[in-house]
Amino acid sequence: MNKSKIVLITGANKGIGLETARQLGKKGYLVLLGARDEEKGREAVSVLINEGIDTRFLLLDVTRHGTINHARELIEKEYGYLDVLINNAGIYLDNESTPSQLELSVLKETFETNFFGVFAMIKAMLPLLIKSDEGGRIVNVSSGQGSLTRNSSPNSTSRLQLAYNSSKSALNALTIQFAREFKNTPFKINSAAPGFTATDMNKGMGTRTVQQASVVIVRLATLDENGPTGGFFEDTGEVPW
Ligand code: NAP
């Protein structure tokens, strides 16, 4: 019997995470659907199961290490490996604040989820990912807003949002560091920029659909052994750091 490929996605009860779960599920992956709210998570799981997708709920708040450890133990006991980790959970709290108006607490809270949460997930799951037949894949769902090159362009028209943007720039730095550590192994880690997508994060103002947003994430999750590592990609190609 063929082993199922297993993907774990954080913040997958809605938005880009849920659509990515759907797309990978349709490709035959067993989806471990991470959500911090049990009711919302189980609801999303039943939606996918009704679509014929093999899905299982995992309680996962990336800022609560107990939930991360519990998820790791469960995966270890029941499957013994993990093929793909998609660090999708993210928050945007800047609202209209300019950098000088931003509260330190908002900056810290944003980093707690968008950066420290991802690091904690990777630390916990790496031993299981390395046991994947293909060496493991991580996709960090970053943002074009994390591109220092785009932010510092004199022509930049993007909003000032220090907390969110710097958390995604830091996330990109994390991608590079892990990729360098594992560069001579089959393991691959990349950052994805899904583009400005209509979800609850921007109250539906985004101009792209979740289907469009998930394209680059799915592509990086399913890279073969010749695929890149330590890169930053949107669906049309590389994003400048
Ligand atoms: P969304 O609809 O607001 O979904 C965010 C998800 O993250 C929700 O499931 C949320 O759970 C979850 N989450 C938040 N904090 C969490 C925590 N501590 N632990 C676990 N889950 C947590 O937003 P989205 O647009 O789909 O965003 C998904 C990712 O794409 C984020 O990393 C975001 O930064 C990135 N992104 C989005 C856009 C865009 O335009 N939408 C553009 C570039 C990048 P709850 O439902 O419980 O709140």
Rounded to the nearest 0.5 Å, what separates atom [atom1] in [X] from atom [atom2] in [Y]?
X      : Y      : atom1 : atom2 : result
Gln161 : Ser166 : CD    : OG    : 10.0 Å
Leu102 : Thr110 : CG    : OG1   : 7.5 Å
Tyr92  : Ser143 : OH    : OG    : 10.5 Å
Tyr81  : Glu76  : OH    : CD    : 14.0 Å
Ile16  : Ile9   : CD1   : CD1   : 12.0 Å
Asn140 : Asn87  : CG    : CG    : 5.0 Å

Report yes or no: do [X] and [Y] belong to one cluster of Ile/Leu/Val/Met/Phe/Trp/Tyr joined by side chain heavy-atom distances under 4.5 Å?
X      : Y      : value
Phe233 : Phe178 : no
Leu107 : Leu93  : yes
Leu30  : Leu74  : yes
Tyr29  : Ile49  : yes
Leu171 : Leu220 : no

Under a 4.5 Å cut-off applied to non-hydrogen side-chain atoms, are [X] and [Y] in contact?
X      : Y      : value
Ile217 : Ile86  : yes
Ile138 : Leu129 : yes
Ile189 : Phe182 : no
His70  : Leu59  : no
Ile75  : Leu58  : yes
Asp200 : Lys14  : yes
Val31  : Asp54  : no
Leu18  : Asn13  : no

Pair [X], [Y]: side-chain N/O donor-acceptor within cut-off below 3.5 Å:
X      : Y      : value
Gln145 : Tyr164 : no
Ser156 : Asn151 : no
Asn172 : Ser142 : yes
Gln23  : Thr20  : no
Glu181 : Gln177 : no

Handout entry: All side-chain contact (heavy atoms from CB on, under 4.5 Å) counterparts of Ala198, not counting sequence neighbours
Key =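 Partners of Ala198 under the side-chain contact (heavy atoms from CB on, under 4.5 Å) test: none.
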Problem - With Leu33, the side-chain contact (heavy atoms from CB on, under 4.5 Å) member among Leu60, Val45, Ile53 - result: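 Only one option passes, and that is Val45.
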Handout entry: Cationic N near anionic O, under 4.0 Å, Arg72 to Glu78
Key =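 Between Glu78 and Arg72 there is no salt bridge, as every charged N stays at least 4.0 Å from the carboxylate O atoms.
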Exercise for the section: Apply side chain to side chain contact (heavy atoms under 4.5 Å, CB included) to the pair Phe187 and Thr229, showing each step before the final yes or no. Expected result: CA-CA 8 Å; Phe187 168 78; Thr229 188; 5.7 Å; no
Closest non-hydrogen atom pair between [X] and [Y], with its separation:
X      : Y      : result
Asp235 : Gln212 : OD2-O, 3.9 Å
Pro99  : Leu162 : CB-CD2, 4.2 Å
Val218 : Lys27  : CG1-CE, 3.5 Å
Ser214 : Glu19  : OG-CG, 3.7 Å
Thr197 : Asn202 : O-ND2, 2.7 Å
Ala163 : Asp94  : N-OD2, 2.9 Å

Between [X] and [Y] (side chain of the first, backbone of the second, donor and acceptor by atom type, cut-off under 3.5 Å), is there such a pair?
X      : Y      : value
Asn190 : Pro228 : yes
Ser147 : Pro240 : yes
Asp61  : Thr63  : yes
Thr175 : Gly230 : no
Ser4   : Ile6   : no
Arg137 : Leu223 : yes
Lys168 : Val141 : yes
Thr10  : Gly34  : no
Lys188 : Glu225 : yes

Would you find more than 12 non-hydrogen atoms of other residues, nucleotides or ligands less than 6.0 Å from [X] atom [atom1]?
X      : atom1 : value
Gln101 : CD    : yes
Glu39  : CD    : no
Gln211 : CD    : yes

Exercise for the section: Could you give me the CA-CA distance, side-chain angles and deciding distance for Lys108 and Glu103, then say whether side chain to side chain contact (heavy atoms under 4.5 Å, CB included) is met? Expected result: CA-CA 9 Å; Lys108 285 186 174 173; Glu103 296 291 340; over 6 Å; no
Distance-only criterion, 3.5 Å: show the donor-acceptor pairs between side-chain atoms of residues 111-128 and protein atoms not counting sequence neighbours.
residue, atom, partner, partner atom, Å
Asn114, OD1, Ile91, N, 2.9
Asn114, ND2, Ile91, O, 3.0
Asn114, ND2, Ser167, OG, 3.1

Exercise for the section: Apply the test salt bridge (Lys or Arg N to Asp or Glu O under 4.0 Å) to residues Glu38 and Arg42: give CA-CA distance (whole Å), side-chain angles for both, the deciding distance (0.1 Å), then the verdict. Expected result: CA-CA 6 Å; Glu38 175 151 9; Arg42 291 199 184 278; 2.8 Å; yes
Problem - side chain to side chain contact (heavy atoms under 4.5 Å, CB included) between Leu32 and Tyr79, worked out - result: CA-CA 11 Å; Leu32 303 179; Tyr79 310 104; 4.1 Å; yes
